[in-house]
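All ligand and atom numbering here is 1-based and tracks the order in the structure. None of the values given here were measured: they were computed from a predicted structure.
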Amino acid sequence: MRLIDTAYIDGAFVPVTGEEELQIINPANERTIGSLRVASREDARRAIAVAHRAQEGLAKTAKAERLDMLTSLQDAILRRSDDIRDVTIEEYGAPVSRARWISRYASDCFGYAAEALRDYDFERRIGDATVRMEPVGVSALIAPWNAVSGTICSKLASALAGGCATVIKPSELSGLQSQVVAEALHGAGLPAGTFNIVNGRGKDVGDELSTNPDVARISFTGSTATGKIIARAAAETIKRVGLSLSGKSATIIMEDADLATAVPMALDGGFQNNGQACIAGTRILVPADRLNDVYALVRPAMARLKVGLPSDPNTAIGPLASAAQYERIQRFIARGLEQGAKLLAGGLGKPYGLDTGFFVKPTVFAEVSNDMDIAREEIFGPVLSIIPFRDEEDAIRIANDSAYGLEAYVYSIDPHRARCVADRLHTGSVLINQIAPDLRAPFGGVKQSGIGREFGHFGLEAFLEAKSIAGHYTRV
Ligand code: ADP
């Protein structure tokens, strides 16, 4: 049992002044493994004041100093990578392979940011003006529970590369993971105040970050509903707002695709991170005349898919992160059935032999039409929909018929054709015949999947503002 009752402010772990205590439950066995005393609005204000003080010094740092800081952070996270992996399994329920990936990514992202920073030109000439890219200022970084370690580290890496002091608000549902990451980051020995971590509720700590006039920018990852609240709150002080939000991504399996390869990959892309991924390919679009071939591959693949304890290396899908998530997924499966979709695999209730823990049956619906709720709303669990299409035009139309536009996946043996389809999809990214994105390429959504881009050069530039200086340098 661990009690987390501190925030990381001004280079030290200090007691929070909040009074509410949240139980931390291991989702695989429903046992209480710790508790988090949430930070208060007052704690957030203190952290913002400290970051505000640190901002001036940080803005003046040279590129070489920032590169050193990024390297120190990368090394510091690497030193705790086993702990990050283990706590991701214990608190979040990520299967071992996923947890290992998350802990590796948490350190790698500092390297990616350093790479982007190294060859970035902070000053250029445009017409008669000198254009200087300056830090936007104190930035609030708000992270969700489904990817807390990676989100904290990747946002911090870009902000620091841009010379911005930060206040980080992890999800209050990820107390243990955030604490391990905070301890690891502290080990980097950065100047006090450069980054601060305050874990509290959205309604007070999150709201303070969204409204405090000393915060210049918010970088948020989470649901579209919360993103809208933040954007509204931030408008009053005209904060710069970057939002990475929900998705309802389409996987298009073209007529010419090699189904034996494409179908298992489409399932992996849909079930990644126990299905709790904004980028999950949850609408699988299949040529109508190949539906039976696809079903014939999906059924045995689903029978082989191992749901179980996240600590078991053979497990592909662990428990969902919370009881609330379990209930949410049950509601969506019930709604899919009510609206006439047919179960190809999975369904309501818990998988056989897994009565304790927030386990759900990975579910694939067939005969789904794109206007059903299960095809329109982000479910955020392992529930996929197979939707037939007539031809390429129809596939593109269905894929684009969504309020969201985060990611899309295209499978075809013809690279030119796949590329033509990719060009017409309204999404922030498209992956062709692969499910792993390049994490140096820009990431973000169109439509209600977000505003702005993260990672690499684009992620760095999001923390910068252009200043034009024009005029005569001689005495007048
Ligand atoms: P989910 O619904 O999946 O928990 P959210 O989008 O609600 O995801 O949460 C993502 C992050 O946003 C969390 O850190 C959460 O505390 C924070 N948050 C929630 N509400 C607000 C708010 N009103 N203002 C700022 N942050 C918020």
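Below 4.0 Å from some heavy atom of Gly222 lie the following atoms of ligand 1, by number and element: 6 (O). The distance from ligand 1 to the heavy atoms of Ile229 drops below 4.0 Å at these ligand atoms: 23 (N). Atom numbering of ligand 1 starts at 1 in the shown order; those under 4.0 Å from a heavy atom of Gly206 are 24 (N), 25 (C), 26 (N). Interface of Ile230 with ligand 1, defined as ligand atoms under 4.0 Å from a residue heavy atom, comprises 24 (N), 25 (C), 26 (N). Applying the 4.0 Å criterion to heavy atoms of Ser171 picks out, from ligand 1, the atoms 14 (O).
Proximity of a side-chain donor or acceptor of Thr315 to a complementary backbone N or O of Val307 within less than 3.5 Å is not detected.
Among protein heavy atoms, atom 12 (O) of ligand 1 sits closest to Phe220 CE1, 3.2 Å. Atom 1 (P) of ligand 1 has as its closest protein heavy atom Trp145 NE1, 3.4 Å. At the top of the distance list for atom 2 (O) of ligand 1, counting protein heavy atoms only, stands Ser223 OG, 4.0 Å. In terms of protein heavy-atom proximity, atom 27 (C) of ligand 1 is closest to Gly202 CA, 3.4 Å.
For the pair Ala143 and ligand 1, the shortest N or O to N or O distance falls below 3.5 Å. For a threshold of 3.5 Å applied to N or O pairs, the pair formed by Thr221 and ligand 1 contains no separation below that value. In terms of polar-atom proximity, Thr226 is counted as a contact of ligand 1, with an N or O under 3.5 Å from an N or O of the ligand. Residue Glu172 has at least one nitrogen or oxygen atom sitting less than 3.5 Å from a nitrogen or oxygen atom of ligand 1, judged on distance alone.
Residue-environment remark: CD (Glu30) exceeds the threshold of 12 foreign heavy atoms within 6.0 Å.
Taking the charged nitrogens against the carboxylate oxygens, Arg201 and Asp204 have no contact shorter than 4.0 Å, which rules out a salt bridge.
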Residues 229-240 side chain polar contacts: donor-acceptor under 3.5 Å, at least two apart:
from, atom 1, to, atom 2, distance (Å)
Thr237, OG1, Lys239, NZ, 2.9
Lys239, NZ, Asn212, O, 2.5
Lys239, NZ, Val215, O, 3.0
Arg240, NE, Glu465, OE1, 3.0
Arg240, NE, Glu465, OE2, 3.4
Arg240, NH1, Ile238, O, 2.6

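For the pair Gln339 and Asp371, the minimum side-chain heavy-atom distance is 4.5 Å or more. In this structure, the side chains of Phe332 and Thr363 stay at 4.5 Å or more apart for every pair of heavy atoms.
Ring planes of His186 and Phe13: perpendicular class, angle over 60° (limits at 30 and 60°).
With a 4.0 Å cut-off on non-hydrogen atoms, Pro170 touches ligand 1 through its backbone and not its side chain.
Remark: Lys155 is not positioned above the aromatic ring of Phe195, lacking an NZ or CZ atom under 6.0 angstrom from the ring centre and at most 45 degrees off the axis.
Ring centroids of Phe458 and Phe443 are separated by 6.0 Å or more, keeping the two rings apart.
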